[in-house]
**Student:** 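This structure is in structure tokens; I'll ask about it shortly.
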Amino acid sequence: MPQTRLTDRFGRTVNYVRLSVTDRCDFRCVYCMAEDMTFLPRQQVLTLEEIARLARNFVALGTEKIRLTGGEPLVRRDILELVREVGTYGLRDFAMTTNGSQLPTMAEPLRKAGLHRLNISLDSLDADKFRAITRTGNLSQVLDGIDAARDAGFRGIKLNTVVMKGRNDEEIPELIEFARQKQVDISFIEEMPLGEISEHDRGLALCTSEEVRDIIRRRHELIPATEDSGGPARYFRMPDSEVRVGFISPHSHNFCSTCNRVRVTVEGRLLLCLGNEHSVDLRRVLRGHPVTDDKLQEAIIKAMDLKPERHHFSSNGDVQILRFMNMTGG
Ligand code: SAM
Ligand code: SF4
């Protein structure tokens, strides 16, 4: 019965799933959360067994790549058990996005549990600015975490930087030098209008990928790399380094025609597009009676019909999507 591939109405094959394992976080980044957040009550959150079951069924339907995210995935208790379990599913690529705060102790256990790659968020190399952007974060802990991840021998490590005008755009050259020195890739992200925030005006803070590229080009030539992730990122290399520089440009680059991914929130809502509200409640299927893998797979296959053709972010800072990024699973 199970199909081996997930295909939508526009002929796109979905083979990449981002699973959010928690909406909670030890940071309160200004672009991601409001200062006072209410988190989900426990019964609304999928158990680790339910998340593993979803992962297994996505893999049965042809998923080759899974990313665990959140919120902060490393604040979920027993996360290593989930990593160990999903690590046995034979994925081509098994990754996690983390703020890095727990990596000093967790990097090696994660690698040993079978995780292939890490994306680590890093918006500033200045301790005060870092604290101001994350509201609670400690830069030296994250820098130690990056070193621990390098020592643990992951297949790949990439830094993620959300660039905001007047906040951290002046640090772009330093962040590039840091990535080159540590021999890790780096992606610069345009801030997306997910969730309503009052801390800053997203429209005014937007620093486009084109602007970031211009700043980097003052010091380094950027040569387009041939790899395509099927995602919103465009990659470049510098002539004298192996490090890749990525640009994630939801505003200025329409990547929808090659989109290969879906997301599942920690409440079990299957989101077909980052920039649209279309979703299917998989928790209802998971907690229905009787729940079978066939039923779950049928629901996932049927959901593909809801995947919209494209997202519609605008750059004027308006909120189009009411869910915050920590609920979306970035
Ligand atoms: N807590 C982890 C972390 O920060 O890496 C994983 C979850 S976080 C939501 C995933 C990524 O989304 C981070 O790199 C973060 O910088 C990015 N992000 C959060 N809110 C964003 C927004 N409004 N626009 C663009 N990127 C955002
Ligand atoms: Fe937490 Fe990541 Fe959101 Fe920052 S971006 S508040 S670290 S979930």
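In each ligand, atom 1 is the first atom listed, and ligand 1 is the first ligand listed.
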**Student:** Do the side chains of Lys65 and Asp93 get close enough for a salt bridge, i.e. N-O under 4.0 angstrom?
**Tutor:**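 Judged by the 4.0 Å cut-off on N to carboxylate O distance, Lys65 and Asp93 do form a salt bridge.
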
**Student:** Going by the order shown, which atoms of ligand 2 are within less than 4.0 Å of some heavy atom of Cys29?
**Tutor:**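 In order of number, 4 (Fe), 5 (S), 6 (S), 7 (S).
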
**Student:** Ligand 1 and Ser121, any nitrogen or oxygen pair closer than 3.5 angstrom?
**Tutor:**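 Yes.
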
**Student:** Testing the 3.5 Å rule here: is there a donor-acceptor pair between the side chains of Arg237 and Tyr235?
**Tutor:**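 No donor-acceptor contact under 3.5 Å links the two side chains.
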
**Student:** Would you mind telling me if ligand 1 is within reach of the side chain of Thr69, the backbone, both or neither, using heavy atoms under 4.0 Å?
**Tutor:**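 The part of Thr69 near ligand 1 is the side chain, not the backbone.
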
**Student:** Answer yes when Arg167 and Glu199 have at least one side-chain N-carboxylate O distance shorter than 4.0 Å, and no when they do not.
**Tutor:**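 Judged by the 4.0 Å cut-off on N to carboxylate O distance, Arg167 and Glu199 do form a salt bridge.
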
**Student:** Consider only side-chain N and O atoms of Asp126 and Ser124, and report whether a donor and an acceptor are under 3.5 Å apart.
**Tutor:**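 Their side chains do not contain a donor-acceptor pair, so the 3.5 Å distance test is not met.
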
**Student:** Consider every N or O of Asn119 and every N or O of ligand 1, then say whether any pair is closer than 3.5 Å.
**Tutor:**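 Not met; the criterion fails.
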
**Student:** With atoms numbered from 1 as shown, which atoms in ligand 1 lie under 4.0 angstrom from a non-hydrogen atom of Asn160?
**Tutor:**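 Those atoms are 14 (O).
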
**Student:** So is Gly71 touching ligand 2 or not, going by heavy atoms under 4.0 Å?
**Tutor:**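 It does; at least one heavy atom falls under 4.0 Å.
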
**Student:** Going by the atom numbers of ligand 1, which of them fall below 4.0 Å from some non-hydrogen atom of Ile189?
**Tutor:**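 Atoms satisfying the 4.0 Å criterion: 25 (C), 26 (N).
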
**Student:** At a 4.0 Å threshold, what atoms of ligand 1 neighbour a non-hydrogen atom of Glu190?
**Tutor:**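 Those qualifying, in numeric order: 25 (C).
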
**Student:** Can you find an N/O atom of Pro73 closer than 3.5 Å to an N/O atom of ligand 1?
**Tutor:**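 No, no N or O pair falls under 3.5 Å.
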
**Student:** Heavy atoms only, cut-off 4.0 Å: how does Arg202 contact ligand 1, side chain, backbone, both, or neither?
**Tutor:**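 The answer is the side chain.
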
**Student:** Does the ring center of Phe94 lie less than 6.0 Å from the ring center of Tyr89?
**Tutor:**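 Not under 6.0 Å, so no.
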
**Student:** Ignoring hydrogens and geometry beyond distance, is a side-chain donor-acceptor pair present between Thr136 and Arg28 at under 3.5 Å?
**Tutor:**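 Side-chain D/A pair, Thr136 to Arg28: absent.
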
**Student:** Does Cys25 bring an N, O or S atom to within less than 2.8 Å of atom 1 (Fe) of ligand 2?
**Tutor:**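 True for Cys25.
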
**Student:** Side-chain donor-acceptor pair under 3.5 Å between Asp26 and Ser101, yes or no?
**Tutor:**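 Checked: Asp26/Ser101 side chains pair up, N/O donor to acceptor below 3.5 Å.
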
**Student:** Are a donor atom and an acceptor atom from the side chains of Arg67 and Thr97 found within less than 3.5 Å of each other?
**Tutor:**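 A pair is found: one side chain offers a donor N or O, the other an acceptor, under 3.5 Å apart.
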
**Student:** Do the side chains of Glu211 and Lys165 get close enough for a salt bridge, i.e. N-O under 4.0 angstrom?
**Tutor:**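 Counted as a salt bridge, because a side-chain N and a carboxylate O are separated by less than 4.0 Å.
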
**Student:** When you compare ligand 1 with Gly71, is there at least one nitrogen or oxygen pair between them that comes in under 3.5 angstrom?
**Tutor:**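 Yes, since at least one N or O of Gly71 sits under 3.5 Å from an N or O of ligand 1.
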
**Student:** Test of understanding: given a 4.0 Å heavy-atom threshold, classify the contact between Thr98 and ligand 1 as side chain, backbone, both, or neither.
**Tutor:**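 It is the backbone that gets close, since no side chain atom is under 4.0 Å.
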
**Student:** Can you confirm, on distance only, whether ligand 1 has an N/O atom lying under 3.5 Å from any N/O atom belonging to Tyr31?
**Tutor:**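 N/O-N/O distance under 3.5 Å: yes.
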
